[in-house]
Novice: 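Below is one structure. I have some questions about it.
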Amino acid sequence: QVQLVESGGGLVQAGASLRLSCAASGRTISNYAMGWFRQAPGKERVLVAAISWSAISTYYADSVKGRFTISRDNAKNTLFLQMNSLKPEDTADYYCAARAERAIDTLPSSYDYWGQGTQVTVSS
């Protein structure tokens with residue numbers, strides 16, 4: 001089993017930056033693909049960014065390309081999401097997820113472990 005705990009969310013103004021962290025425990029995630037999803041009120045959960053086990057491959061939703069950067073530190077069993085130039089439409093609960101495969105996938109159903117989420121609110 002893998003336990004995931006997100007941190008770093010908060011309330012910021014448009015244009016600001018936040019860095020989300022996801023600490024994993026219970027098992028090393030070095031062989032797992034990882035992803036950040038977000039879910040706004042009344043909307044479905046969608047993939048924001050994902051990274052393969054080796055960090056060679058990454059994926060970004062069109063809405064965040066050029067503003068968000070996903071990274072991982074396998075030695076520290078931690079996943080990050082650097083979010084710059086935040087917009088009000090980025091407001092959502094952000095979830096860290098781990099997939100017991102090395103390759104990226106965009107579907108939430110492909111991920112095996114989930115954190116509890118951290119809230120990000122961007123005011124205009």
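Residue numbers start at 1 and run along the sequence shown. Note: hydrogens, waters and symmetry copies are ignored here, and every other heavy atom, side chains too, is used.
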Novice: Using modelled atom types and a 3.5 Å cut-off, is there a donor and acceptor pairing between side-chain atoms of N77 and backbone atoms of R27?
Specialist: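 Such a contact is found between N77 side chain and R27 backbone.
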Novice: Ring-plane angle category for Y111 and F37, please: parallel below 30°, perpendicular beyond 60°, tilted otherwise.
Specialist: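 Plane angle over 60°, so perpendicular.
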Novice: If we ignore hydrogens and angles and just use 3.5 Å, is the side chain of T121 paired with the main-chain N or O of L11 as donor and acceptor?
Specialist: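 Side chain of T121 to backbone of L11, a donor-acceptor pair under 3.5 Å: no, none is there.
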Novice: Within this structure, what is the OG-CZ distance for the pair S54 and R72, rounded to the nearest 0.5 Å?
Specialist: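 Answer for the OG-CZ pair, S54 versus R72, is 8.0 Å.
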Novice: Residues two or more places apart in sequence or in another chain: which of them pass ring pair (Phe, Tyr, Trp, His ring centres under 6.0 Å) with W53?
Specialist: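 For W53, no residue satisfies ring pair (Phe, Tyr, Trp, His ring centres under 6.0 Å) once neighbours in sequence are set aside.
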Novice: Kindly confirm or rule out a cation-pi arrangement of R19 over F80, judged by NZ or CZ under 6.0 Å from the six-membered ring centre and within 45° of its axis?
Specialist: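 That pair qualifies as a cation-pi contact.
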Novice: Answer yes or no: are there more than 12 heavy-atom neighbours, outside Q3 itself, under 6.0 Å from its atom CD?
Specialist: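 Counting neighbours around CD of Q3, more than 12 heavy atoms of other residues, nucleotides or ligands fall under 6.0 Å, so yes.
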Novice: Verify the distance criterion only: is there a donor paired with an acceptor across the side chains of N74 and S30 at less than 3.5 Å?
Specialist: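 Not at all, the side chains of N74 and S30 share no donor-acceptor pair under 3.5 Å.
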Novice: Evaluate whether atom CD1 of I56 has more than 12 neighbouring non-hydrogen atoms of other residues, nucleotides or ligands under 6.0 angstrom away.
Specialist: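 12 or below, so no.
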Novice: Are the side chains of Y59 and K65 in touch, meaning some heavy atoms are under 4.5 Å apart?
Specialist: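 Answer no - side chains too far apart.
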Novice: Take V46 and R38 through the test side-chain contact (heavy atoms from CB on, under 4.5 Å) and record every step on the way to the result.
Specialist: CA-CA 6 Å; V46 296; R38 69 184 181 189; 4.2 Å; yes
Novice: Which heavy atom in E6 sits nearest to a heavy atom in G115, and how many Å separate them?
Specialist: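 Where E6 meets G115 most closely, the heavy atoms are OE2-CA, 3.2 Å.
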Novice: Quick one: CZ on R99 to OG on S52, what's the gap to the nearest 0.5 Å?
Specialist: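 So the gap between those two atoms works out to 11.0 Å.
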Novice: What's the shortest heavy-atom distance between P88 and A14, and which atoms?
Specialist: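 Closest approach of P88 to A14, heavy atoms only: CD-CB, 4.1 Å.
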Novice: How many angstroms lie between CD in Q13 and OG in S124, if you round to the nearest 0.5 Å?
Specialist: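 Here the rounded value is 9.0 Å.
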Novice: Hey, what do you get for CD (Q1) to OG (S25), rounding to the nearest 0.5 Å?
Specialist: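 Those atoms lie 11.0 Å apart.
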Novice: Hey, could you give me the CD1/OG distance between I104 and S57, rounded to the nearest 0.5 Å?
Specialist: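 Answer for the CD1-OG pair, I104 versus S57, is 5.5 Å.
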Novice: Give the other cluster members for I29, using side-chain heavy-atom distances under 4.5 Å between Ile, Leu, Val, Met, Phe, Trp and Tyr residues; answer none if it is isolated.
Specialist: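 I29 shares its hydrophobic cluster with V2, L4, V12, L18, L20, Y32, M34, W36, V48, I51, Y60, V64, F68, I70, L79, L81, M83, L86, Y94, Y113, V120, V122.
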Novice: Could you check whether any side-chain N or O of D105 sits under 3.5 Å from a backbone N or O of S110, counting only pairs where one atom can act as donor and the other as acceptor?
Specialist: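 Such a contact is absent between D105 side chain and S110 backbone.
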Novice: Is the shortest side-chain N to carboxylate O distance from R67 to D90 below 4.0 Å?
Specialist: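 A salt bridge is present here (some side-chain N lies under 4.0 Å from a carboxylate O).
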Novice: Less than 3.5 Å apart, any donor N or O on the side chain of D73 or T78 sitting next to an acceptor on the other?
Specialist: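 On atom types as modelled, these side chains do not qualify, holding no pair under 3.5 Å.
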